Amino acid sequence: GFSAVLKALRKPVPEGDLDALIKVKQTLHDCADAMDDNQALVEYSNACVEYLNANGSNINPRNLKEMKDSHSQIIEQCPITVREIIPETKSQSVNNREAMKGYNEETTRVEREWRKKAFWDYETGVAGARKGLEEAKVELKELAKELKEKQRLCMLFEFPEAIADSEARVEWLTNSIDNATVLWDIAEEAQEFITDAKQLLWSEVHAEGLEDDTKAFIKRVKALDKEVRWSRAFVGLDGEIKAFLITCPLIQALHHDSM
């Protein structure tokens, strides 16, 4: 309620206590966001009490008065609290900017290691890649959670741009899972297609249809997001399908009457 908010705004912030400062700044932020809604709530409550009492009710307005007083005191207290925490805010801002530089360096390392994961290598195979992608999703969930906390901190200290690089990297990591999943879906289909084609009886082979289907796979691989083309998984998939395509004209030639 308003009384708890007022108490939080008036609570002193000890020097060097980042957690206490964050709590106060978050309270100030919440007050600013809810100011119009809270004002509307006070006015609505007041109108309801006046209406009910005018129509025969006998509601004690004491609680309403306390709410109105607390709301007014919050409005008065907010700028006072802002002034009081200026020195500590300046001190912690410097420290947190440096901390964000370290965080950006850490996400750079994470991306570098991410590119080494097994699902980026075609030799891993479909089953291994899918297992790796599921593990990566769990890791990404923790990374996204950490990023959200850093974003909150930067918002409170008013330098959201400090982690723009990390935001871009986590977005890339997120997209990479989706892009790699599509790649391995195509890989699974292509491998099954090639395996089935190799097992066809000679009399069952339709060479032109085989070539058309293979070209369709090449088209799908070509349409994959450019952010996967650096990977050995892409190169391996692209190479396997194109290698099979090379055999299609030979199969067609062997079906010719002259052969």
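The structure displayed is predicted, hence computed values, not measured ones.
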>> Applying salt bridge (Lys or Arg N to Asp or Glu O under 4.0 Å) to Lys65 and Asp69, what does each step give before you reach the verdict?
In response: CA-CA 6 Å; Lys65 182 179 183 304; Asp69 289 345; 2.9 Å; yes
> Between Arg109 and Glu113, does at least one N-O distance fall below 4.0 Å, as a salt bridge requires?
Replying inline: no
> Asp225 and Asn175: side-chain contact (heavy atoms from CB on, under 4.5 Å), yes or no, with the steps?
Replying inline: CA-CA 10 Å; Asp225 194 281; Asn175 293 336; over 6 Å; no
> Would Glu139 and Leu143 satisfy side-chain contact (heavy atoms from CB on, under 4.5 Å), going step by step from the backbone distance to the final call?
Replying inline: CA-CA 6 Å; Glu139 184 179 347; Leu143 291 169; 4.3 Å; yes
> Any sub-3.5 Å donor-acceptor pair from Ser70's side-chain atoms to Met67's backbone N or O?
Replying inline: no
> Among pairs that include at least one residue of residues 82-106, which meet ring-ring contact (aromatic ring centres under 6.0 Å, His included), considering only residues two or more places apart or in two chains?
Replying inline: none
> Name the one of Val5, Asp33, Val82, Leu156 that satisfies side chain to side chain contact (heavy atoms under 4.5 Å, CB included) with Leu28?
Replying inline: Val82
> Looking at side-chain heavy atoms only, is the closest gap between Gln191 and Leu237 below 4.5 Å?
Replying inline: no
> Does Glu167 pair with Lys150 as a salt bridge, N-O distance under 4.0 Å?
Replying inline: no
> How many angstroms lie between atom CZ of Arg232 and atom OG1 of Thr124, to the nearest 0.5 angstrom?
Replying inline: 8.0 Å
> To which residues is Ile80 joined in a hydrophobic cluster, defined by side-chain heavy-atom contacts under 4.5 Å among Ile, Leu, Val, Met, Phe, Trp and Tyr, whether direct or through other members?
Replying inline: none
>> Go through it in stages, so that I can follow the logic: the residues are Glu227 and Trp172, the test is side-chain hydrogen bond (donor to acceptor under 3.5 Å, both in side chains), and I'd like the CA-CA distance, side-chain angles, deciding distance and then a yes or no.
In response: CA-CA 9 Å; Glu227 290 297 331; Trp172 182 87; 2.9 Å; yes
> Is a side-chain N or O of Trp184 found less than 3.5 angstrom from the main chain of Phe119, in a donor-acceptor match?
Replying inline: yes
>> Could you go through Glu134 and Lys131, starting from their C-alpha distance and side-chain angles, then the distance that decides it, and tell me whether this counts as salt bridge (Lys or Arg N to Asp or Glu O under 4.0 Å)?
In response: CA-CA 5 Å; Glu134 289 305 312; Lys131 181 175 182 293; over 6 Å; no
> Does a side chain donor of either Arg97 or Gln92 reach within less than 3.5 Å of an acceptor in the other side chain?
Replying inline: no
>> Please determine whether a side-chain nitrogen of the Lys or Arg among Lys117 and Glu135 lies less than 4.0 Å from a carboxylate oxygen of the Asp or Glu.
In response: no
>> Strictly distance-based, threshold 3.5 Å: is any side-chain N or O of Trp114 a donor or acceptor partner for the main-chain N or O of Ser176?
In response: no
>> Take a 6.0 Å sphere around CG of Asp36 and say whether it holds more than 12 heavy atoms from other residues, nucleotides or ligands.
In response: no
>> Between Val24 and Lys11, is the side-chain contact (heavy atoms from CB on, under 4.5 Å) condition met? List the steps.
In response: CA-CA 8 Å; Val24 172; Lys11 187 175 182 179; 5.5 Å; no
>> For Glu161, is the CD atom crowded, meaning more than 12 foreign heavy atoms sit under 6.0 Å from it?
In response: yes
>> Is it the case that the side chain of Asp238 and the backbone of Phe234 share a donor-acceptor pair, with hydrogens and angles ignored and the cut-off at 3.5 Å?
In response: no
>> Measuring from atom CG of Leu21 to atom OG of Ser91, what distance do you get when rounded to the nearest 0.5 angstrom?
In response: 9.0 Å
> Is it true that a side-chain atom of Asn55 and a backbone atom of Tyr51 form a donor plus acceptor pair closer than 3.5 Å?
Replying inline: yes
> From Glu76 CD over to Cys78 SG, what is the distance, rounded to the nearest 0.5 angstrom?
Replying inline: 10.5 Å
> From Lys7 NZ over to Ile74 CD1, what is the distance, rounded to the nearest 0.5 angstrom?
Replying inline: 14.0 Å
>> Distance check, rounded to the nearest 0.5 Å: Leu64 atom CG versus Glu50 atom CD?
In response: 8.0 Å
> Salt-bridged, Asp185 to Arg130, with N to O below 4.0 Å?
Replying inline: yes
> Is Lys90 salt-bridged to Glu15, cutoff N-O under 4.0 Å?
Replying inline: no
>> Just verifying a value: how many Å separate Ile241 CD1 and Lys215 NZ, rounded to the nearest 0.5 Å?
In response: 14.0 Å
> Quick one: does Trp230's side chain get under 4.5 Å of Val235's, heavy atoms only?
Replying inline: no
> Do side-chain atoms of Asn96 reach the backbone of Phe159 as a donor and acceptor pair under 3.5 angstrom?
Replying inline: no
>> Heavy-atom count check: over 12 atoms from other residues, nucleotides or ligands less than 6.0 Å from Glu158 CD?
In response: no
> How would you list, by chain and number, every residue that makes a ring pair (Phe, Tyr, Trp, His ring centres under 6.0 Å) with Phe217, sequence neighbours excluded?
Replying inline: Phe193
> Is a side-chain donor or acceptor of Glu88 paired with a backbone partner of Gly16 at a separation under 3.5 angstrom?
Replying inline: yes
> When you measure from the side chain of Thr81 to the backbone N and O of Leu9, does any donor-acceptor pair fall under 3.5 Å?
Replying inline: yes
> For Glu240 and Tyr122, what are the C-alpha separation, side-chain angles and deciding distance, and is it a side-chain contact (heavy atoms from CB on, under 4.5 Å)?
Replying inline: CA-CA 10 Å; Glu240 182 174 22; Tyr122 198 61; 2.3 Å; yes
>> Is it the case that the side chain of Arg115 and the backbone of Val110 share a donor-acceptor pair, with hydrogens and angles ignored and the cut-off at 3.5 Å?
In response: no
> Closest heavy-atom contact between Ala223 and Arg229?
Replying inline: N-NH2, 4.4 Å
>> Is there a continuous path of hydrophobic side-chain contacts, each under 4.5 Å between heavy atoms, that joins Met35 to Met155?
In response: no
> Below 4.0 angstrom, N of the basic side chain to O of the carboxylate: do Lys101 and Glu98 qualify?
Replying inline: yes
